[in-house]
Structure formats: structure tokens, C-alpha cells
Protein chains: 4
Amino acid sequence: MERTKKGKSAKNRIVTAAWQLFHEKGYNGTTVDDIIALSGTSKGSFYYYFNTKDELLNTLSVILDDFYEELESRMNPDLNSFVKLLNVNYEAHKMIEENISIDLIASLYSTQLVSQGQRNLLDQNRTYYKFITRIVTEGQMRGQIRNDMSATEITKYFTMCERALVSDWCLSRGEFSLSEYSHKCMPVMLEHFKA
Amino acid sequence: MERTKKGKSAKNRIVTAAWQLFHEKGYNGTTVDDIIALSGTSKGSFYYYFNTKDELLNTLSVILDDFYEELESRMNPDLNSFVKLLNVNYEAHKMIEENISIDLIASLYSTQLVSQGQRNLLDQNRTYYKFITRIVTEGQMRGQIRNDMSATEITKYFTMCERALVSDWCLSRGEFSLSEYSHKCMPVMLEHFKA
Amino acid sequence: MERTKKGKSAKNRIVTAAWQLFHEKGYNGTTVDDIIALSGTSKGSFYYYFNTKDELLNTLSVILDDFYEELESRMNPDLNSFVKLLNVNYEAHKMIEENISIDLIASLYSTQLVSQGQRNLLDQNRTYYKFITRIVTEGQMRGQIRNDMSATEITKYFTMCERALVSDWCLSRGEFSLSEYSHKCMPVMLEHFKA
Amino acid sequence: MERTKKGKSAKNRIVTAAWQLFHEKGYNGTTVDDIIALSGTSKGSFYYYFNTKDELLNTLSVILDDFYEELESRMNPDLNSFVKLLNVNYEAHKMIEENISIDLIASLYSTQLVSQGQRNLLDQNRTYYKFITRIVTEGQMRGQIRNDMSATEITKYFTMCERALVSDWCLSRGEFSLSEYSHKCMPVMLEHFKA
DNA sequence: GATGAATGAGACTTCATTCAT
DNA sequence: GATGAATGAAGTCTCATTCAT
């Protein structure tokens, strides 16, 4: 019992400290030493819980997935599925814009592009992918989304579009509003799939 | 002018050596020491011409722009402008797929996302951007591309789509063919702009 | 204590390698890369143990202090204290002349003059200073050394004289014998303190 | 004619700028680039007039020699020669302490210890050496300074003592007053030579 | 599970100095 | 005499990561 509690608190302390520092100093600006100093743990513990520093960044997808879970629960199920997709995109990008530092997202994308490990951004098992696939399937059954491509394919396309928008937002260093630009572009990008 | 010969040869030797090594060992696998050893120059010279190793990667856009210049010259000017855009995309992505290592493109994107310096990927003065804008403008005048958005906006959108495809190709580590996937997706992504 | 073996061996390997190289190629002729290559360690380790290359040079005082310790043990305690001082000087300068390269001593003095760090040459806690002070105090008690200045002051003066001789020996690039010249000058310089 | 004038002004501008910067930022803190920037000359010119940066530092001895020349002219010739020596020492060290940054003197000594070039500090042709030798010779003839050592030897000894004091002052980073300490020590160091 | 000393790798800096024009 | 682009040589820094205890 005490092992679990202690273990949890150690890992938790690391994650909490890390995210606090990431927000303050950015991902690359935060060193593992900073993290263990603030969390009151040690190098050894850090690498006991995480194989690499990058892995910490991956916990970002957990945060995002929590958001999607919450979003699904408060969404009107009867809404047109195509509109749902646009809504989901808008809400998510608004959240990212408002709550997550652009530097962190940029670091996440940058890291995933060159890392050897798993690439969460494309992990099909994420709540995110399942959520989008559900909407697409539903839309196809309801006749609100085109049927001539598989739900999986459409989901892949949709998520690529979202990554494109986020990626360009990062590249431009936030010179434009992510949610506004998504609001304008997504309908264009998805036009083809409207039934 | 009189110093061009020498100056060029020093900087050129570095760039040439760098790209040779990048192809052999990848970007991260190539050290600055490797580059100066192969080019027969020195750290001093390297950092005299480039502020960081990343800056070398930016010379990739020069290579690409050379390609676009050549592509434009061999393109049939009478082709439908919308089709031209699709062609340009296909040819470029085929070239990237065939001639440039995926690791290099991934490194370029990764670096540009977090670097402090200029971000060539978005530099509107590149031959690439001018070339695309020219086609779009021409298409609008010919009535082959929609008129309700400015040529600049459409170009921005087009290039974002291309980046999206390349980026996802990198993220998936080349599990699919970039040119094939682009061939399939671009018409969908651009559908809205066909007049 | 349990880590002593390993820790010592790493730092020790560096120090040993460094001094071997210093003797072979001189201080300035020895690069940090040479040192880590010979010691089989790394830049990281080097700068983990020493803040700068200069700091290594400071370990010379350890060597000297070892000598003084040994010298004290083999000295006849009943000898007149004033003579003792002259003896210590002569023996030390003979040892320096015979065993330590003039280039190393010159580098040590040169470095200490402009370095920001601690200046071992003047560190009052060195065995050397304590040893000299002991002789002076003893001499004062025995009535062999004048009493009208504190032992500390006399020690300071004595050591300055020694530094002067070594320094001039270095400046003249060993054109004269350090021990011979000291043998001639020290009695003159210390004359005032003979009781 | 214009060549001479221009040449002189170029070299002069370099020297003036250098010393201004040496006082502001210290010798090591001043780069050749700084000097040519302030003097409005060029790298090429700098190395046309000076073989190395160190050579600039040597111009310090010119400044000192000017001082000694001036000092000799305002000294009472009838003064006891032994006292003269003490006076010269005191006046010189007071001047150094008041007008020349300790960092510069330290750099001069440091550089001379390891430089390959000429070592002005020991250059017997300097006004300084000649001046001191003159006083010693005069004192020996007058019976005020001992005769059992050559004037050259005594001069060498005297100058070593002065260097010792300056050197220790630099090593201690000016923790004591150079002129005060010299005032106290020189009589002791020279005691032997008083006739 | 926890620790932190030690390591490895390589980027980057700094400047004095050289040399072709 | 003058210029400054180019060079060479090392020193230094930064960190993520490993491993023996």
C-alpha cells in the first residue's frame, strides 16, 4: 500500500513539475535536472518512470484525450455528423490555443518527427482517433457523410488536416489564430466528404 | 567578384560535403566535425558561414527551388491551371520521395518547428511560392480557378496542404508512398477551388 | 568511501595523464583532447572535475606539498632554525630545477596571475605555508630568528622571496641555476631576520 | 611626407585605442577587433605595425621608462644613493598603483612569463635598468653602497625585488597597498647592500 | 524503487593571426 | 601601406542518459 502511494506520488510529482516548467521555460528550455529539482526526486527515479525525456511530452496526448472525452459527453448526439466534425475541430483548436503553449505543441511535433520511439500523434488507439472514427461512421450510416471511402480513411484524412493546421500555426509562431483559421479552412478541406 | 571564386569554394565545399554526409548518415548522424573533415575546412569557417548546424538544412529549400525552376520551364503553359497545380504537386513529391531521404525532410520540418532563426519553409520569397502564385493567378484569369479568394490566400492553403502531406509521410516513416497519397488527396483538398 | 575507488580512478586518471603530457609537451602544448584521450575519459568528465584547464595546473601545489612533507620528516630537528629556512629553500629549488619543467612553473605563475579562480600560490592553508611558519615560530622561540615581526609576516616575506627567485628564473628561461642563485640570494634577503 | 604622417597616425591611433580599452576592459578582455574598431583601422594595419597583440602590452615599458626619465630629472642628485634607490622604488610603485590598472600589470607579467618573444621586463637596455645602474655605481663610488658585488649584479637584485613586490601585489589582487608594502620591505631586502 | 556521480557526444565560442587583393 | 574575409586551434558548455550501489 505504501509503495503504491509513494510510487504514484513520485511519478506524479515528476509529471506535475515537468509541466509547470514546460509552461514556464518551454520544453527545450527545461532540463531533466530542473524537473528533478522541482519535484524533489532524482535522476534515477526519473529514468525509472520514463525512458526518455520525450516520453514526458507524450503525456500531452493524455491531456488532449481527456479533453476529447469530456467534449464527447457534452455534445448534442443528434447534431449532424458533418457539423459535429467541424465542431470538434473548432473546440479542440480553441482549447489548444487557449490552454497549451505554442512552444509545447511545436516541441511535441518536432520531437515526434525525429524520435525513434512510438509516435503518439498517429497512435490509432488514442481516444481521439476512436472518437473521430465514431462520428464518421455514424455520419455515414445517417447519410450525412460520404460512403465511398472507409471511415478509417476519412478519419486519417481528417486528422491529417488538423495536424496540418496546428503545424502551420506553430511554424508561423502563432501569427494567426488557430481556431479562426481552422474555422475557415476545415469546411473547405472536408467539403468533399459532405454527403 | 574577385573574391567570389575563393569565397564560394569554401562555403560551397561545406555545403557539398554536408549534403553528401546527410545522405549517407542522416542529419543527426552527421556531426559538424564530419562536415569540416570532409570539406577540408575548419570550425571557424563553418561558423563563419553558418550560425548553426540547422542553417545548413535550410539550404535544402535552394535545392527544391532549383527543381521548381526546372519544372516550370518544361511544363506545357497551355495546360489547365488547376491541373497544373496537381501536376506540380505530384512531380515535386515524386522527386522528394525519390531523391531526398525521408530523414532529411523530417529533420528539416523538426528543426524549423523549434528553431529561433528564419523559417524557410514559410518564406514567401522562395521561388516555390512565387511559382505557385503565378499558376493560381493565371488560373483565376482564365476562369479555371475560383475567384472568391485571393491568389495569395489560395497559395497559402495549397502549400499548407503540401506540408501536411509531407509531414504525415515523415511521421509515418514512409509507410506509404508520398506521391501516390498526394495524388489521391490533393484533388480532394483542392476540390473547393476548382472553378 | 565505497565510491572512492571509482571516483578516484577517474579523476586520478585525468591528473596522471595530464602531468605526463605536461612533461612531454608542456602545458600549452597539451590540449584537453590529448588529456582525455590518454586518460581514457571524456570532455564531460574533465569538466565535471575541473572548471578549466588551468585548475589542473593547480594540482602542482599538491606535488610540491608532498615534497615538503617528506622534506620535513628527513630534516634534523635540532638544526638552527635560520639555517633550516635556507636549507628548505635550497632543497626545494633544487627539486624544482631537477624534476619540474621550467615551462610548467612558468605556466603556473602565468596562469595564477590572471585567473579568476583561487590562487594556490598564496593559499595559506598549504602544507608549505604551515611548514615554514612552524620553522619561523620555532626559531623565534629559540632566539635564532628575530622577534620584532610576527611569524606570519616573516613567512609571507620568505615565500615572496622564493616566488621572486622562481619567477625570475622563469623569466630568464633558465639561463642561470635556480638553486645556485637562491643559495646566493636568500641569505642576503633574509639577513635582516637573523637574530 | 604624407606617408609618414598617415603612418604615424595609424599606429598612434591603434596604441591610443588599445590603452583606452585595456583600462576599460583589461588586456584579455580587449580583442584585436575592439582595438581596430575604436581606432578606425583594420586587422591588416594592426598586424602591419605589431607582430602580436602581446607587443602592444610591451609598450607599457615605454610608459614606465618615460616616468623614470622624468623622475631622474626631478631628483636631488646630492641625496644619499642608498636612499635614492628606496625613493625611486617608492615613487615608481606609487605611480603604478595610482595610474596603471592592476589587471594590466598582471597581464604584462603573465604574458612575459610564457611568451616566445622578447621579454622587456628583463631588457637591460631599458632606461629603467640604466637609471638604477647609474645610482648604484654612484653609490659605490661615494661609499654609500657596498662594493663587494658589481653594480650590474646589485641592479639585477634590486629589480628582482621590485618585480617580486609587484608580482605579489598582482597575485593578491591588490589586497594591500603596493607602495606601502614596498616602503616596508625594500629596506629589509636591501639592508645587505648598505655600506 | 531510489540515488546521483560519472559519462559521452557534439554543438558552439572565441580570437589571434594570415593572406590574397 | 591597407583591407577584411577566412582560417585554425582549442577551450568550454550543455544535457540527456547510464550504472553501480
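Below, chains carry the letters A, B, ... as their sequence lines are ordered, and counting in each starts from 1.
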* To do: Answer yes or no on whether B/K53 is positioned over the face of B/F46, meaning its NZ or CZ is under 6.0 Å from the six-membered ring centre and within 45° of the axis.
  => no
* DNA chain E: A/F46 or B/G44, which has the more 5' nearest nucleotide? -> A/F46
* Minimum-distance nucleotide to B/A10 side chain [options: F/dA6, F/dA2, F/dT12] -> F/dA6
* Ring geometry between B/F22 and B/W19 (parallel below 30°, tilted from 30 to 60°, perpendicular above 60°) -> perpendicular
* Asked: Think C/K11 forms a cation-pi with C/F50, using NZ or CZ under 6.0 Å from the six-ring centre and within 45 degrees of its axis?
  -> yes
* **side-chain hydrogen bond (donor to acceptor under 3.5 Å, both in side chains) against C/K43, all qualifying residues, sequence neighbours excluded** => C/D33
* Asked: Under 4.0 Å between a side-chain N or O of B/S42 and OP1 or OP2 of F/dT7?
  -> no
* Structure fact -> Rounded to whole Å, CZ of A/F50 lies from C1' of E/dA2 at a distance of 15 Å
* Asked: Within the structure, does a side-chain N or O atom of B/Y47 lie under 4.0 Å from either OP1 or OP2 of E/dT13?
  -> no
* Within residues 27-38 of chain B, residues whose heavy atoms come under 4.0 Å of DNA chain E -> B/T30, B/T31, B/V32
* Asked: Between E/dA6 and C/Y49, is there an OP1 or OP2 to side-chain N/O distance shorter than 4.0 Å?
  -> yes
* Asked: Closer than 4.0 Å, any side-chain N/O of D/Y48 to the OP1 or OP2 of F/dG1?
  -> yes
* With both distances kept under 3.5 Å, what pairs with F/dT21, Watson-Crick or G-U wobble? -> E/dA2
* Asked: Within the structure, does a side-chain N or O atom of B/K53 lie under 4.0 Å from either OP1 or OP2 of E/dA11?
  -> yes
* Side-chain N or O of B/S45 less than 4.0 angstrom from OP1 or OP2 on F/dT7? -> yes
* Asked: To the nearest angstrom, how far is C/K43 atom NZ from F/dA10 atom P?
  -> 11 Å
